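All remarks here apply to the structure that follows.
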Amino acid sequence: MRLNSGQHKALYQAMKAAAKARKIKLSAERDLYKRTDPYFYDTFWWPEEMASGRIGMTLDITVKYCRFDELQYGILCPGEEARFTDKLRANSGMLCRAAFPRMTQHFDFDGSEAAMPGLCEDLLDFLRDYCAGFLAMVEETYGDLDGYYIAHRDTMPRLAGLAFLDRGDAAGAADCFSQPNMDGENSTWWVPVETEEQRRRALASGICLCEHPGYTAVYRHRKDQFRDYAAALRAGLEWTRDRAMFGLLPEERAAGGLNG
C-alpha cells in the first residue's frame with residue numbers, strides 16, 4: 001500500500017517541522033539540504049510501499065564540496081555572475097551533481113499521522129549517520145573527498161576531474177574529462193551564433209552549425225566543455241565564453257594536449 005495524497009501532504013509538513021528543528025532546509029521538490037563548510041549535503045526523498053508496519057524511502061544522497069559548484073559553473077558559464085544560494089546548490093542542473101547511487105531504506109511506520117514525526121526523525125537520523133560514516137571512511141582511506149573521487153576516476157570521471165582541478169592538476173583533469181563515460185548525465189546546450197568570429201570558431205573546432213531562417217545556432221555538449229577547459233588551462237589560455245560555447249581552435253587544442 002502507498003500513501004494517499006493527504007498522507008503525502010501531512011508527511012511533508014511533518015518533515016518540514018523536523019528538518020527546521022535541526023536547521024535543515026526542505027524544498028518543495030522534497031530536497032533536504034544543508035551547508036556545513038566545506039561540504040554541502042542534499043537528499044531527495046520519496047515514500048514508497050508500506051507493508052507490515054514498515055515503509056520504504058527512496059533516497060538520492062549527495063555529499064559534495066561547495067567549491068565544486070563554483071568550479072563547475074565557471075567551466076560551463078564563464079563570465080556569468082551567479083548567487084550560489086543553498087536552494088540553487090540543491091536543485092540547479094548547472095551545478096555539481098554528486099549523488100550516490102539511488103537507495104531504498106525501510107523504517108518503522110504504521111501509516112498514521114501520529115507516527116509521522118517519528119518517521120521523519122528516524123530518516124534524519126539515518127542521513128546524519130550515513131553522511132558522517134561516509135566522510136569518516138573517506139578521511140581514513142583517501143585523506144579527503146578529492147582523494148575519494150580520484151580513486152574512483154573510472155566510474156566518476158567528471159567528479160575526479162573536478163578533484164584534480166581542485167588540486168591544481170590540469171593534466172589529470174584532462175585525462176578524466178576525456179574518458180568515454182564522461183559524462184553519464186551529459187546534456188547539450190543550444191547556443192545562438194551572434195558574430196562571424198563565433199561562426200569561424202565553431203567550424204574550426206568541428207562543431208556543426210544549425211542553420212535556421214533568421215538565425216544560426218550550435219549544439220554544445222557539456223562534456224566537451226569540460227575537456228576543452230582542461231586543455232585551455234594546460235595551454236595557459238583564458239577561458240572565455242566563446243571558447244566555452246564554440247570550442248577551441250585546432251592550434252589551441254594542440255597546445256593543450258588534445259589530438260584532433
Side-chain angles (χ1 to χ4, degrees), residues 24-25 27 29 31-44 59-102 127 130-139 141-179 181-187 189 220-234 239 241 243-245:
I24 298 170
K25 297 177 182 178
S27 73
E29 296 78 21
D31 281 287
L32 290 160
Y33 55 93
K34 183 175 183 178
R35 177 173 180 166
T36 306
D37 288 332
Y39 303 111
F40 186 80
Y41 304 90
D42 174 34
T43 298
F44 169 80
L59 303 173
D60 292 341
I61 302 173
T62 289
V63 181
K64 63 180 177 180
Y65 283 135
C66 295
R67 59 183 178 269
F68 274 21
D69 287 335
E70 284 85 347
L71 181 55
Q72 178 163 309
Y73 192 85
I75 293 171
L76 298 177
C77 302
E80 294 188 17
E81 295 294 329
R83 181 169 174 260
F84 292 95
T85 64
D86 289 348
K87 185 175 182 179
L88 187 69
R89 292 183 193 277
N91 294 294
S92 175
M94 293 299 304
L95 303 187
C96 179
R97 184 178 182 277
F100 298 113
R102 177 167 291 183
L127 295 176
Y130 183 91
C131 293
F134 169 73
L135 290 175
M137 178 277 296
V138 164
E139 182 176 355
T141 307
Y142 304 99
D144 58 17
L145 201 52
D146 281 348
Y148 172 80
Y149 289 136
I150 289 170
H152 294 84
R153 71 186 76 178
D154 291 341
T155 56
M156 296 185 286
R158 176 178 53 88
L159 293 170
L162 291 174
F164 274 119
L165 291 176
D166 197 34
R167 293 183 171 187
D169 186 346
D175 181 64
C176 292
F177 293 153
S178 298
Q179 295 303 309
N181 58 332
M182 172 56 204
D183 201 345
E185 67 270 20
N186 181 50
S187 62
W189 291 91
R220 179 68 159 144
H221 291 281
R222 284 190 185 183
K223 64 179 181 180
D224 294 337
Q225 288 183 280
F226 283 100
R227 180 204 61 190
D228 286 353
Y229 174 81
L233 199 62
R234 295 181 73 186
W239 187 239
R241 183 183 184 279
R243 288 189 173 112
M245 299 305 178

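Just so it is clear, the model here is predicted, and its values are computed rather than measured. Reckoned from all heavy atoms, side chains included, excluding hydrogens, waters and symmetry mates.
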For this session: Test salt bridge (charged side-chain N to carboxylate O under 4.0 Å, His left out) on Asp42 and Arg89 and set out the steps.
Result: CA-CA 9 Å; Asp42 174 34; Arg89 292 183 193 277; over 6 Å; no
Exercise. Can you list the residues that meet the ring pair (Phe, Tyr, Trp, His ring centres under 6.0 Å) rule with Tyr130, with sequence neighbours excluded?
Worked result: Phe100, Phe126
Exercise. Do the side-chain N and O atoms of Gln72 and Arg158 include a donor-acceptor pair separated by under 3.5 angstrom?
Worked result: yes
Exercise. Which residue pairs satisfy the side chain to side chain donor-acceptor pair (under 3.5 Å) criterion with at least one member in residues 141-153, sequence neighbours excluded?
Worked result: Asp144-Arg167
Exercise. Among all residues two or more places apart in sequence or in another chain, which pass the salt bridge (Lys or Arg N to Asp or Glu O under 4.0 Å) test with Asp228?
Worked result: Arg220
Exercise. Going through the checks in order, is the ring-ring contact (aromatic ring centres under 6.0 Å, His included) test met by Tyr41 and Tyr33?
Worked result: CA-CA 5 Å; Tyr41 304 90; Tyr33 55 93; over 10 Å; no
Just to verify, what does [X] make a side-chain contact (heavy atoms from CB on, under 4.5 Å) with, not counting sequence neighbours?
| X | answer |
| --- | --- |
| Asp169 | Phe164, Ala171 |
| Asp37 | Arg35, Cys66 |
| Asn91 | Ser27, Glu29, Asp31, Lys87 |

Problem set entry | Sidechain N-carboxylate O distance under 4.0 Å for Lys64, Asp69 | yes
Exercise. Do Leu159 and Leu145 come within less than 4.5 Å of each other through their side chains, counting heavy atoms only?
Worked result: no
Exercise. Are Phe226 and Leu76 close enough that some pair of their side-chain heavy atoms sits under 4.5 Å apart?
Worked result: yes
Exercise. Where the side chain of Trp239 meets the backbone of Ile75, is there a donor-acceptor pair that is under 3.5 Å apart?
Worked result: yes
